[in-house]
Amino acid sequence: LVVLTCICLFIYFFVDEKNEKHCGLLKQWLESSEVSVEIMKKGFHREVITRVELSPDVLSEVRVLLVHRWPRGVFVDPYQLASLSDQNDWQILVDSAIDLELPAHKTAGFVTYLYSTSDGPTPKLLKVTIPIHGRYHEPTFVGETFTSVIIEPPELLLQTEK
């Protein structure tokens, strides 16, 4: 069980009086919001459960985007993601084509973008499960029996209509 907590403070606005006040509110919401990641199951087929707990002060019309930067030791199956998107309130986009057969040392990492597609107010607690799969690693003859793969927590981006 691995739980990571990350707060991402990424806000970009043009500077004027209205946006300075609004930018301050978004920064305050981000500082009191929390993103946690939990890795479930064992072996080559695992699940990454990401929970976003928004500050109680966040507007109900805020949009949430999670940006996961995955290492080359794992992959997501785009066909599996497509079937999951039909079953839940999250849309998952991948930044590049994924070759399911390549070993880790012959591929690069990739990025997924997750955003909620549900209508209505944004809940204060959001949860999404992403199935990931381990890639085969390059053989070694020095007695190493496993390779660590570090899964970083995602970036949290918030947007309002203002």
Side-chain angles (χ1 to χ4, degrees), residues 1-41 45-98 100 107-135 148-162:
L1 175 77
V2 177
V3 178
L4 302 171
T5 304
C6 172
I7 299 176
C8 173
L9 296 175
F10 176 81
I11 302 171
Y12 178 81
F13 282 95
F14 295 104
V15 179
D16 64 30
E17 287 182 23
K18 291 179 189 175
N19 285 339
E20 273 187 39
K21 182 178 178 186
H22 195 66
C23 183
L25 285 174
L26 280 175
K27 184 176 178 182
Q28 186 178 19
W29 292 339
L30 278 172
E31 288 173 347
S32 59
S33 296
E34 185 175 293
V35 177
S36 64
V37 175
E38 188 176 358
I39 301 173
M40 304 299 288
K41 297 187 178 180
H45 307 285
R46 299 189 178 207
E47 291 180 342
V48 174
I49 300 172
T50 305
R51 288 182 181 84
V52 178
E53 189 172 345
L54 296 174
S55 166
D57 302 334
V58 172
L59 293 173
S60 61
E61 293 86 27
V62 71
R63 293 181 188 187
V64 175
L65 174 68
L66 294 172
V67 181
H68 274 276
R69 298 182 193 289
W70 301 96
R72 64 186 188 167
V74 298
F75 68 91
V76 295
D77 183 342
Y79 303 107
Q80 189 177 23
L81 292 181
S83 68
L84 288 175
S85 293
D86 297 338
Q87 299 171 14
N88 61 35
D89 293 335
W90 289 90
Q91 180 70 35
I92 304 172
L93 303 174
V94 182
D95 74 334
S96 58
I98 295 178
L100 307 179
T107 187
F110 61 97
V111 177
T112 56
Y113 302 92
L114 293 90
Y115 61 94
S116 177
T117 58
S118 64
D119 293 331
T122 306
K124 300 302 178 201
L125 180 62
L126 301 163
K127 177 182 162 185
V128 62
T129 301
I130 305 169
I132 63 169
H133 307 279
R135 288 193 181 273
S148 296
V149 176
I150 307 299
I151 308 284
E152 297 289 333
E155 296 175 59
L156 170 63
L157 303 169
L158 300 178
Q159 177 190 20
T160 64
E161 292 298 319
K162 294 183 180 182

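The chain is numbered in sequence order, starting from 1. All values reported here derive from a predicted model rather than from experimental measurement.
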Thr107 OG1 to Arg72 CZ distance, which is reported to the nearest 0.5 Å:
8.5 Å

Give me the one residue out of Leu81, Asp77, Val76 that meets side chain to side chain contact (heavy atoms under 4.5 Å, CB included) with Tyr79.
Asp77

Per the side chain to side chain contact (heavy atoms under 4.5 Å, CB included) rule, which among Leu126, Ile92, Leu114 passes with Leu66?
Leu114

Angle class for the Trp70/Phe110 ring planes (parallel below 30°, perpendicular above 60°, tilted otherwise)?
parallel

Could you walk me through whether Glu155 and Arg69 pass the salt bridge (charged side-chain N to carboxylate O under 4.0 Å, His left out) check?
CA-CA 9 Å; Glu155 296 175 59; Arg69 298 182 193 289; 2.8 Å; yes

Minimum heavy-atom separation for Pro153 and Val37, please, with both atom names.
CA-CG2, 3.9 Å

According to ring-ring contact (aromatic ring centres under 6.0 Å, His included), who are the partners of Tyr115, at least two apart in sequence or on a separate chain?
none

Looking at Gln91 and Thr117, what are the two nearest heavy atoms and their distance?
CB-CG2, 3.6 Å

Measuring from atom CE of Met40 to atom CD of Glu38, what distance do you get when rounded to the nearest 0.5 angstrom?
5.0 Å

Interatomic distance, CD1@Ile49 vs NZ@Lys41, rounded to 0.5 Å, equals 9.5 Å

Kindly give the heavy-atom pair with the smallest separation between Gly73 and Val149, and that separation in Å.
CA-CG2, 4.1 Å

Run the numbers on Val74 and Val48 for side-chain contact (heavy atoms from CB on, under 4.5 Å), then give the verdict.
CA-CA 11 Å; Val74 298; Val48 174; over 6 Å; no

State, yes or no, whether a side-chain contact exists between Thr112 and Asp95 at a heavy-atom distance under 4.5 Å.
no

Does a side-chain heavy-atom distance below 4.5 Å link Val64 with Leu54?
yes

So do Val35 and Pro154 actually touch side chain to side chain, heavy atoms under 4.5 Å?
yes

Do you know which two heavy atoms are closest between Ile39 and Arg46, and how far apart they sit?
CG2-CD, 3.9 Å

Taken to the nearest 0.5 Å, the spacing of Lys127 NZ from Thr50 OG1 works out to 10.5 Å

